[in-house]
Amino acid sequence: MTRYLRHAAACVAVAVALVACAKPPAGTRTLQFWTIGREGEAVAKLLPEFEREHPGLHVEVQQLPLTAAHQKLLTAYAGDSTPDLTQVGNTWVPEMVALEAIEPLDTRVAASKVVDPTDYFPAIWSTNVIDGHLYGVPWYVDTRLLFYRKDLLARVGYDHPPRDWAEWQAMMVKLAQPRGTTYGVLLPTNEFEQLLALALQQDDPLLRDGGRYGNFRSAGFKKALAFYVSIFKDQQAPMMTNVGVGNPWAAFGQGFYAFYLSGPWNIGEFRHRLPPAQQGDWGTVALPGPNGPGASNAGGSSLVIFRRSQHKDDAWALIEFLSRPAIQERFYQILGDMPPRRSSWEAPALKDDDKATAFRDQLDRAKPTPPVAEWERIVTEMQLVAAQAAHGDLTVDEAAAEMDRRADRLLEKRRWMLDHGHKASP
(Lines give C-alpha, C1' and ligand atoms only; values in the text may rest on other atoms or scores of the structure.)
Protein backbone atom coordinates (compact mmCIF):
# COMPACT_ATOMS: atom_id res chain seq x y z
CA MET A 1 0.00 0.00 0.00
CA THR A 2 2.90 2.30 0.54
CA ARG A 3 3.32 3.30 -3.06
CA TYR A 4 0.32 5.63 -2.53
CA LEU A 5 2.42 8.02 -0.47
CA ARG A 6 3.35 9.90 -3.58
CA HIS A 7 -0.34 10.59 -4.19
CA ALA A 8 -1.18 11.94 -0.75
CA ALA A 9 -0.57 15.58 -1.56
CA ALA A 10 -2.67 15.30 -4.69
CA CYS A 11 -5.68 13.82 -2.94
CA VAL A 12 -8.40 15.92 -1.40
CA ALA A 13 -9.25 15.69 2.26
CA VAL A 14 -12.57 14.00 1.62
CA ALA A 15 -13.75 11.35 -0.79
CA VAL A 16 -14.61 12.63 -4.22
CA ALA A 17 -17.28 10.99 -6.32
CA LEU A 18 -16.20 10.69 -9.95
CA VAL A 19 -19.62 10.45 -11.56
CA ALA A 20 -21.20 12.00 -14.59
CA CYS A 21 -23.33 15.06 -14.02
CA ALA A 22 -26.33 13.46 -15.67
CA LYS A 23 -28.15 10.74 -13.78
CA PRO A 24 -28.16 7.29 -15.40
CA PRO A 25 -31.42 6.31 -17.15
CA ALA A 26 -34.19 4.76 -15.08
CA GLY A 27 -33.76 1.02 -14.68
CA THR A 28 -29.97 1.22 -14.85
CA ARG A 29 -28.07 -0.88 -12.31
CA THR A 30 -25.44 1.10 -10.42
CA LEU A 31 -22.19 -0.57 -9.43
CA GLN A 32 -20.29 1.18 -6.64
CA PHE A 33 -16.51 1.05 -7.04
CA TRP A 34 -14.16 2.65 -4.52
CA THR A 35 -10.61 3.59 -5.47
CA ILE A 36 -7.72 5.28 -3.68
CA GLY A 37 -5.65 8.14 -5.03
CA ARG A 38 -5.23 8.91 -8.72
CA GLU A 39 -6.33 5.43 -9.80
CA GLY A 40 -9.91 6.69 -9.62
CA GLU A 41 -9.20 9.42 -12.14
CA ALA A 42 -7.42 6.99 -14.46
CA VAL A 43 -10.01 4.21 -14.33
CA ALA A 44 -12.81 6.68 -15.05
CA LYS A 45 -11.30 7.06 -18.54
CA LEU A 46 -11.67 3.33 -19.15
CA LEU A 47 -15.21 2.85 -17.88
CA PRO A 48 -17.18 4.19 -20.88
CA GLU A 49 -15.98 1.17 -22.86
CA PHE A 50 -17.03 -1.19 -20.07
CA GLU A 51 -20.47 0.41 -19.86
CA ARG A 52 -20.93 0.12 -23.63
CA GLU A 53 -20.20 -3.59 -23.31
CA HIS A 54 -22.72 -3.88 -20.47
CA PRO A 55 -25.87 -1.92 -21.38
CA GLY A 56 -27.97 -1.08 -18.36
CA LEU A 57 -24.99 -0.98 -16.02
CA HIS A 58 -23.48 2.22 -14.65
CA VAL A 59 -20.26 2.34 -12.59
CA GLU A 60 -20.09 4.98 -9.89
CA VAL A 61 -16.47 5.57 -8.86
CA GLN A 62 -15.68 7.07 -5.49
CA GLN A 63 -12.11 8.23 -4.95
CA LEU A 64 -10.79 7.98 -1.40
CA PRO A 65 -7.77 9.93 -0.16
CA LEU A 66 -4.91 7.81 1.11
CA THR A 67 -4.97 9.29 4.58
CA ALA A 68 -8.60 8.27 5.14
CA ALA A 69 -9.01 5.19 2.94
CA HIS A 70 -8.31 2.49 5.52
CA GLN A 71 -10.60 4.04 8.13
CA LYS A 72 -13.26 4.69 5.51
CA LEU A 73 -13.32 1.02 4.54
CA LEU A 74 -13.53 -0.13 8.16
CA THR A 75 -16.27 2.40 8.92
CA ALA A 76 -18.22 1.28 5.87
CA TYR A 77 -17.91 -2.34 6.97
CA ALA A 78 -19.06 -1.56 10.50
CA GLY A 79 -21.96 0.51 9.20
CA ASP A 80 -23.08 -2.03 6.59
CA SER A 81 -22.43 0.52 3.83
CA THR A 82 -19.65 -1.09 1.82
CA PRO A 83 -19.49 -0.62 -1.97
CA ASP A 84 -19.74 -3.52 -4.41
CA LEU A 85 -16.02 -3.67 -5.02
CA THR A 86 -12.96 -1.73 -4.01
CA GLN A 87 -9.28 -1.31 -4.56
CA VAL A 88 -7.14 -2.31 -1.57
CA GLY A 89 -3.42 -2.45 -0.98
CA ASN A 90 -2.48 -6.13 -1.05
CA THR A 91 -1.20 -5.92 2.54
CA TRP A 92 -4.77 -5.05 3.57
CA VAL A 93 -6.22 -8.27 2.18
CA PRO A 94 -5.53 -10.38 5.33
CA GLU A 95 -7.40 -7.86 7.46
CA MET A 96 -10.39 -7.80 5.14
CA VAL A 97 -10.43 -11.61 5.18
CA ALA A 98 -10.22 -11.75 8.98
CA LEU A 99 -13.26 -9.46 9.13
CA GLU A 100 -15.06 -11.76 6.67
CA ALA A 101 -15.75 -8.60 4.68
CA ILE A 102 -14.75 -9.78 1.21
CA GLU A 103 -15.85 -12.57 -1.09
CA PRO A 104 -13.70 -15.60 -1.96
CA LEU A 105 -13.06 -15.64 -5.71
CA ASP A 106 -11.79 -19.18 -6.35
CA THR A 107 -14.91 -20.35 -8.20
CA ARG A 108 -15.10 -17.25 -10.37
CA VAL A 109 -11.43 -17.48 -11.35
CA ALA A 110 -11.76 -21.17 -12.16
CA ALA A 111 -14.56 -20.36 -14.60
CA SER A 112 -12.98 -17.22 -16.04
CA LYS A 113 -11.66 -16.98 -19.59
CA VAL A 114 -9.88 -13.72 -18.75
CA VAL A 115 -8.21 -14.06 -15.34
CA ASP A 116 -5.47 -16.66 -15.74
CA PRO A 117 -3.53 -17.25 -12.49
CA THR A 118 -0.55 -18.69 -14.39
CA ASP A 119 -0.09 -15.38 -16.23
CA TYR A 120 0.42 -13.39 -13.02
CA PHE A 121 3.70 -12.91 -11.21
CA PRO A 122 3.48 -15.63 -8.53
CA ALA A 123 4.47 -13.48 -5.54
CA ILE A 124 1.90 -10.83 -6.45
CA TRP A 125 -0.85 -13.42 -6.90
CA SER A 126 0.03 -15.09 -3.59
CA THR A 127 -0.59 -11.88 -1.63
CA ASN A 128 -4.29 -12.42 -2.33
CA VAL A 129 -4.36 -16.05 -1.18
CA ILE A 130 -5.24 -16.49 2.50
CA ASP A 131 -5.60 -19.95 4.06
CA GLY A 132 -5.66 -21.51 0.61
CA HIS A 133 -8.44 -19.30 -0.82
CA LEU A 134 -8.23 -16.39 -3.26
CA TYR A 135 -9.84 -13.11 -2.16
CA GLY A 136 -8.49 -10.54 -4.60
CA VAL A 137 -7.19 -10.14 -8.14
CA PRO A 138 -4.02 -8.05 -8.55
CA TRP A 139 -4.73 -4.77 -10.32
CA TYR A 140 -1.23 -3.35 -10.53
CA VAL A 141 2.16 -4.14 -9.03
CA ASP A 142 4.73 -2.24 -7.06
CA THR A 143 8.23 -3.32 -6.15
CA ARG A 144 11.46 -1.58 -5.26
CA LEU A 145 14.75 -1.53 -7.15
CA LEU A 146 17.68 0.81 -7.76
CA PHE A 147 17.61 4.02 -9.74
CA TYR A 148 21.24 4.90 -10.41
CA ARG A 149 23.49 7.48 -12.05
CA LYS A 150 25.43 5.80 -14.86
CA ASP A 151 27.72 8.77 -15.33
CA LEU A 152 28.72 8.96 -11.66
CA LEU A 153 29.51 5.25 -11.62
CA ALA A 154 31.64 5.67 -14.75
CA ARG A 155 33.50 8.50 -13.04
CA VAL A 156 34.65 6.13 -10.28
CA GLY A 157 35.55 3.33 -12.69
CA TYR A 158 32.42 1.21 -13.19
CA ASP A 159 30.67 0.48 -16.48
CA HIS A 160 27.85 -1.56 -14.91
CA PRO A 161 25.47 -1.35 -11.93
CA PRO A 162 26.10 -3.42 -8.76
CA ARG A 163 25.67 -7.19 -8.97
CA ASP A 164 25.84 -8.06 -5.28
CA TRP A 165 26.11 -6.38 -1.88
CA ALA A 166 29.91 -6.37 -1.82
CA GLU A 167 30.16 -4.63 -5.19
CA TRP A 168 27.38 -2.20 -4.27
CA GLN A 169 29.15 -1.25 -1.06
CA ALA A 170 32.48 -0.84 -2.85
CA MET A 171 30.79 1.52 -5.29
CA MET A 172 29.23 3.53 -2.48
CA VAL A 173 32.60 3.90 -0.74
CA LYS A 174 34.03 5.54 -3.85
CA LEU A 175 30.94 7.61 -4.55
CA ALA A 176 30.65 8.98 -1.00
CA GLN A 177 33.71 11.19 -1.33
CA PRO A 178 34.37 13.59 0.22
CA ARG A 179 32.55 12.07 3.16
CA GLY A 180 29.62 13.99 4.51
CA THR A 181 29.02 16.05 1.36
CA THR A 182 28.05 13.44 -1.26
CA TYR A 183 26.59 9.99 -0.70
CA GLY A 184 26.26 6.64 -2.36
CA VAL A 185 22.54 6.10 -1.74
CA LEU A 186 19.39 7.69 -0.33
CA LEU A 187 17.59 5.53 2.27
CA PRO A 188 15.05 7.78 4.04
CA THR A 189 15.04 6.70 7.68
CA ASN A 190 11.25 6.92 7.97
CA GLU A 191 10.57 4.51 5.08
CA PHE A 192 10.49 0.79 5.78
CA GLU A 193 10.53 -0.45 2.18
CA GLN A 194 14.30 -0.31 1.79
CA LEU A 195 15.13 -2.45 4.83
CA LEU A 196 12.19 -4.71 4.05
CA ALA A 197 13.57 -5.42 0.58
CA LEU A 198 16.98 -6.33 2.03
CA ALA A 199 15.31 -8.57 4.60
CA LEU A 200 13.24 -10.36 1.96
CA GLN A 201 16.51 -11.34 0.26
CA GLN A 202 17.22 -13.68 3.17
CA ASP A 203 15.99 -17.26 3.55
CA ASP A 204 14.66 -16.70 7.08
CA PRO A 205 10.97 -15.66 7.26
CA LEU A 206 10.10 -12.37 8.95
CA LEU A 207 7.57 -14.05 11.27
CA ARG A 208 7.68 -17.57 12.70
CA ASP A 209 5.33 -20.25 14.03
CA GLY A 210 2.52 -19.51 11.61
CA GLY A 211 2.75 -15.76 12.06
CA ARG A 212 2.53 -15.98 15.86
CA TYR A 213 5.89 -14.37 16.67
CA GLY A 214 8.45 -12.03 15.18
CA ASN A 215 11.56 -13.58 13.65
CA PHE A 216 13.77 -10.50 13.61
CA ARG A 217 16.47 -12.18 15.72
CA SER A 218 17.04 -14.71 12.93
CA ALA A 219 20.49 -14.79 11.36
CA GLY A 220 19.08 -13.69 8.00
CA PHE A 221 17.29 -10.60 9.24
CA LYS A 222 20.24 -9.52 11.40
CA LYS A 223 22.47 -9.84 8.32
CA ALA A 224 20.16 -7.51 6.40
CA LEU A 225 19.90 -5.09 9.32
CA ALA A 226 23.69 -5.05 9.81
CA PHE A 227 24.20 -4.22 6.12
CA TYR A 228 21.55 -1.49 6.31
CA VAL A 229 23.06 0.05 9.45
CA SER A 230 26.59 -0.07 8.04
CA ILE A 231 25.57 2.16 5.15
CA PHE A 232 24.70 4.94 7.60
CA LYS A 233 27.62 4.23 9.92
CA ASP A 234 30.08 4.59 7.03
CA GLN A 235 28.32 7.78 5.85
CA GLN A 236 27.31 6.23 2.54
CA ALA A 237 23.74 7.46 3.09
CA PRO A 238 22.58 10.73 4.67
CA MET A 239 20.75 10.45 7.99
CA MET A 240 17.56 11.99 6.61
CA THR A 241 13.85 11.34 6.41
CA ASN A 242 12.00 11.82 3.14
CA VAL A 243 10.88 15.20 4.50
CA GLY A 244 14.45 16.22 5.24
CA VAL A 245 15.69 15.50 1.75
CA GLY A 246 13.02 17.78 0.29
CA ASN A 247 13.30 17.24 -3.46
CA PRO A 248 14.86 13.78 -4.05
CA TRP A 249 14.74 14.16 -7.84
CA ALA A 250 16.74 17.39 -7.87
CA ALA A 251 19.21 15.94 -5.35
CA PHE A 252 19.65 12.88 -7.58
CA GLY A 253 20.25 15.08 -10.60
CA GLN A 254 22.73 17.23 -8.68
CA GLY A 255 24.76 14.18 -7.65
CA PHE A 256 23.97 14.41 -3.93
CA TYR A 257 23.62 10.61 -4.13
CA ALA A 258 24.01 8.10 -6.95
CA PHE A 259 21.57 5.32 -5.94
CA TYR A 260 17.91 5.66 -4.99
CA LEU A 261 16.00 2.58 -3.83
CA SER A 262 12.47 3.35 -4.95
CA GLY A 263 9.42 2.32 -6.97
CA PRO A 264 8.05 2.50 -10.54
CA TRP A 265 6.32 5.87 -10.27
CA ASN A 266 9.72 7.53 -10.21
CA ILE A 267 10.36 6.61 -13.85
CA GLY A 268 7.88 9.31 -14.80
CA GLU A 269 9.10 11.66 -12.11
CA PHE A 270 12.74 11.55 -13.25
CA ARG A 271 11.74 11.91 -16.90
CA HIS A 272 9.68 14.93 -16.01
CA ARG A 273 11.96 16.57 -13.45
CA LEU A 274 15.47 16.06 -14.83
CA PRO A 275 16.59 18.22 -17.76
CA PRO A 276 16.90 16.65 -21.25
CA ALA A 277 20.70 16.74 -21.01
CA GLN A 278 20.58 14.34 -18.05
CA GLN A 279 18.11 11.81 -19.39
CA GLY A 280 20.90 9.54 -20.60
CA ASP A 281 22.72 9.69 -17.26
CA TRP A 282 20.40 7.49 -15.22
CA GLY A 283 19.02 3.98 -15.35
CA THR A 284 17.19 1.34 -13.34
CA VAL A 285 18.41 -2.09 -12.25
CA ALA A 286 17.04 -4.93 -10.16
CA LEU A 287 18.32 -5.01 -6.60
CA PRO A 288 21.61 -6.72 -5.91
CA GLY A 289 21.44 -9.44 -3.27
CA PRO A 290 24.04 -10.77 -0.84
CA ASN A 291 25.48 -13.12 -3.48
CA GLY A 292 23.92 -12.07 -6.78
CA PRO A 293 20.54 -10.82 -8.04
CA GLY A 294 18.28 -10.15 -5.06
CA ALA A 295 14.61 -10.26 -4.20
CA SER A 296 12.38 -7.30 -3.44
CA ASN A 297 8.89 -6.68 -2.10
CA ALA A 298 5.69 -7.83 -3.81
CA GLY A 299 3.58 -4.72 -3.38
CA GLY A 300 0.71 -3.24 -5.26
CA SER A 301 -3.05 -3.09 -5.21
CA SER A 302 -5.83 -5.62 -5.74
CA LEU A 303 -9.52 -5.63 -6.57
CA VAL A 304 -11.92 -7.29 -4.11
CA ILE A 305 -15.69 -7.82 -3.94
CA PHE A 306 -17.54 -7.21 -0.69
CA ARG A 307 -19.68 -10.01 0.67
CA ARG A 308 -22.62 -7.63 1.14
CA SER A 309 -22.66 -6.57 -2.51
CA GLN A 310 -25.97 -7.05 -4.29
CA HIS A 311 -24.21 -6.98 -7.68
CA LYS A 312 -21.42 -9.54 -7.36
CA ASP A 313 -21.70 -10.76 -10.96
CA ASP A 314 -21.45 -7.19 -12.24
CA ALA A 315 -18.51 -6.52 -9.92
CA TRP A 316 -16.73 -9.60 -11.25
CA ALA A 317 -17.39 -8.48 -14.82
CA LEU A 318 -15.62 -5.20 -14.05
CA ILE A 319 -12.68 -7.04 -12.48
CA GLU A 320 -12.38 -9.18 -15.61
CA PHE A 321 -12.51 -6.07 -17.80
CA LEU A 322 -9.76 -4.35 -15.83
CA SER A 323 -7.70 -7.56 -15.94
CA ARG A 324 -7.51 -7.71 -19.73
CA PRO A 325 -3.92 -7.20 -20.96
CA ALA A 326 -5.04 -4.54 -23.44
CA ILE A 327 -6.84 -2.60 -20.71
CA GLN A 328 -3.88 -2.95 -18.37
CA GLU A 329 -1.66 -1.52 -21.11
CA ARG A 330 -3.93 1.51 -21.43
CA PHE A 331 -4.03 1.91 -17.65
CA TYR A 332 -0.23 1.97 -17.62
CA GLN A 333 -0.13 4.59 -20.38
CA ILE A 334 -2.60 6.79 -18.50
CA LEU A 335 -1.09 6.55 -15.02
CA GLY A 336 2.15 4.55 -15.05
CA ASP A 337 0.88 1.75 -12.78
CA MET A 338 2.61 -1.45 -13.83
CA PRO A 339 0.56 -4.52 -14.78
CA PRO A 340 0.59 -7.75 -12.72
CA ARG A 341 0.32 -10.04 -15.78
CA ARG A 342 3.33 -11.18 -17.78
CA SER A 343 1.40 -10.99 -21.06
CA SER A 344 0.65 -7.31 -20.42
CA TRP A 345 4.38 -6.63 -20.44
CA GLU A 346 4.52 -7.52 -24.13
CA ALA A 347 3.01 -4.12 -24.89
CA PRO A 348 5.58 -1.85 -26.64
CA ALA A 349 5.14 0.88 -24.02
CA LEU A 350 6.65 -1.51 -21.47
CA LYS A 351 8.68 -3.98 -23.51
CA ASP A 352 10.62 -1.27 -25.35
CA ASP A 353 11.26 0.92 -22.29
CA ASP A 354 14.67 0.16 -20.80
CA LYS A 355 13.71 1.87 -17.52
CA ALA A 356 10.62 -0.35 -17.15
CA THR A 357 12.24 -3.66 -18.10
CA ALA A 358 14.30 -3.65 -14.91
CA PHE A 359 11.02 -3.78 -12.97
CA ARG A 360 9.93 -6.74 -15.10
CA ASP A 361 13.15 -8.46 -14.10
CA GLN A 362 12.64 -7.60 -10.42
CA LEU A 363 9.05 -8.87 -10.38
CA ASP A 364 10.26 -12.38 -11.19
CA ARG A 365 12.16 -12.23 -7.89
CA ALA A 366 9.57 -10.44 -5.77
CA LYS A 367 8.56 -11.98 -2.45
CA PRO A 368 5.36 -11.43 -0.44
CA THR A 369 5.29 -10.16 3.13
CA PRO A 370 3.66 -12.23 5.92
CA PRO A 371 -0.11 -12.55 5.33
CA VAL A 372 -1.23 -11.34 8.75
CA ALA A 373 -3.59 -8.47 9.52
CA GLU A 374 -1.06 -6.93 11.89
CA TRP A 375 1.74 -6.68 9.32
CA GLU A 376 1.54 -2.98 8.49
CA ARG A 377 1.81 -2.07 12.18
CA ILE A 378 4.68 -4.53 12.65
CA VAL A 379 6.69 -3.19 9.73
CA THR A 380 6.19 0.37 10.95
CA GLU A 381 7.61 -0.61 14.34
CA MET A 382 10.45 -2.40 12.56
CA GLN A 383 11.49 0.83 10.86
CA LEU A 384 11.20 2.94 14.01
CA VAL A 385 13.66 0.62 15.73
CA ALA A 386 15.89 0.38 12.64
CA ALA A 387 16.21 4.18 12.64
CA GLN A 388 17.46 4.01 16.22
CA ALA A 389 20.06 1.45 15.14
CA ALA A 390 21.08 3.62 12.17
CA HIS A 391 21.59 6.54 14.58
CA GLY A 392 23.81 4.34 16.75
CA ASP A 393 21.43 4.27 19.72
CA LEU A 394 21.00 0.46 19.52
CA THR A 395 23.26 -2.37 18.41
CA VAL A 396 22.03 -4.74 15.73
CA ASP A 397 21.34 -7.42 18.34
CA GLU A 398 19.49 -4.97 20.59
CA ALA A 399 17.44 -3.66 17.69
CA ALA A 400 16.49 -7.16 16.51
CA ALA A 401 15.41 -8.13 20.04
CA GLU A 402 13.33 -4.94 20.35
CA MET A 403 11.66 -5.58 16.98
CA ASP A 404 10.69 -9.07 18.15
CA ARG A 405 9.35 -7.68 21.41
CA ARG A 406 7.15 -5.14 19.60
CA ALA A 407 5.99 -7.66 16.99
CA ASP A 408 5.13 -10.24 19.65
CA ARG A 409 3.04 -7.66 21.49
CA LEU A 410 1.11 -6.80 18.32
CA LEU A 411 0.58 -10.51 17.58
CA GLU A 412 -0.68 -11.34 21.07
CA LYS A 413 -4.36 -11.47 20.09
CA ARG A 414 -3.57 -13.45 16.96
CA ARG A 415 -1.74 -16.06 19.04
CA TRP A 416 -4.63 -16.35 21.47
CA MET A 417 -7.19 -16.75 18.68
CA LEU A 418 -5.16 -19.36 16.81
CA ASP A 419 -4.17 -21.28 19.94
CA HIS A 420 -7.84 -21.52 20.97
CA GLY A 421 -8.98 -22.83 17.64
CA HIS A 422 -10.41 -19.58 16.28
CA LYS A 423 -9.73 -17.73 13.04
CA ALA A 424 -7.26 -14.91 13.59
CA SER A 425 -8.93 -11.52 13.78
CA PRO A 426 -7.54 -8.04 13.03
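Hydrogens, waters and symmetry mates are skipped; everything else that's a heavy atom, side chains included, is used. Remember, predicted model here, so these are calculated numbers, not experimental data.
Between the side chains of N215 and D204, no donor-acceptor pair is found at a separation under 3.5 Å. No hydrogens or angles considered: nothing links the side chains of T241 and N190 as a donor-acceptor pair under 3.5 Å. Between S230 and Q169, the side chains place a donor N or O and an acceptor N or O closer than 3.5 Å (distance only, hydrogens not considered). Under 3.5 Å, the side chains of N90 and S302 contain no donor-acceptor pair of N or O atoms. For W265 and D337, the side-chain atoms include no donor-acceptor pair closer than 3.5 Å. No hydrogens or angles considered: nothing links the side chains of E376 and H70 as a donor-acceptor pair under 3.5 Å.
With W34 as the fixed residue, the side-chain hydrogen bond (donor to acceptor under 3.5 Å, both in side chains) test singles out one of E60, Q63, Q62, Q87: Q62. F252 pairs with exactly one of Y260, F147, F270 by the ring-ring contact (aromatic ring centres under 6.0 Å, His included) rule, that one being F270.
Taking 4.0 Å as the cut-off between side-chain N and carboxylate O, R212 and D408 do not count as a salt-bridged pair. Salt bridge R341/E346: absent, no basic N to carboxylate O contact under 4.0 Å. At a threshold of 4.0 Å, the pair E53-R324 counts as salt-bridged, since one of the basic side-chain nitrogens sits closer than that to a carboxylate oxygen. A salt bridge is defined here as a Lys NZ or Arg NE, NH1 or NH2 lying under 4.0 Å from an Asp or Glu carboxylate O, and D404 with R217 meets this definition. Between R342 and D364 there is a salt bridge, since a side-chain N of the basic residue sits under 4.0 Å from a carboxylate O of the acidic one. Here K312 does not pair with D84 in a salt bridge; the nearest charged N to carboxylate O distance is not below 4.0 Å. Between E402 and R406 there is a salt bridge, since at least one side-chain N of the basic residue sits less than 4.0 Å from a carboxylate O of the acidic one.
Atom CD of E103 sits about 12.0 Å away from atom CG of L85, to the nearest 0.5 Å. Here K367 contributes atom NZ and S126 contributes atom OG; the two are 11.0 Å apart, rounded to the nearest 0.5 Å. Residue N242 holds its CG atom at 8.0 Å from OG1 of T189, rounded to the nearest 0.5 Å. Considering CZ of R330 and CG of L335, their distance stands at 14.0 Å, rounded to 0.5 Å.
Taking the ring centre of W282 as origin, the terminal cationic atom of R149 falls outside the region bounded by 6.0 Å and 45° from the ring axis. The cationic group of R308 lies under 6.0 Å from the six-membered ring centre of Y77 and within 45° of the ring axis, placing it in a cation-pi geometry.
Aromatic ring pairs are classed by plane angle as parallel below 30°, tilted from 30° to 60° and perpendicular above 60°; the pair W345 and F121 is perpendicular. By the 30° and 60° cut-offs, the orientation of the rings of H133 relative to Y135 is perpendicular. Using the six-membered ring where Trp is involved, F259 and W168 have ring planes that are perpendicular, over 60° apart on the 30 and 60° scheme. Note on ring orientation: taking the six-membered ring where Trp is involved, the planes of F331 and Y140 are tilted (angle from 30° to 60°).
When side chains are defined from C-beta on, M96 counts as touching L74, because their heavy atoms get closer than 4.5 Å. Looking at heavy atoms from C-beta onward, T28 lies out of side-chain contact with L57 at the 4.5 angstrom threshold. Looking only at side-chain heavy atoms (C-beta outward), W316 and F321 stay at 4.5 Å or farther from each other.
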Does D209 form a salt bridge (charged side-chain N to carboxylate O under 4.0 Å, His left out) with R415? I'd like the steps, not just the answer. CA-CA 10 Å; D209 296 348; R415 285 195 300 277; over 6 Å; no
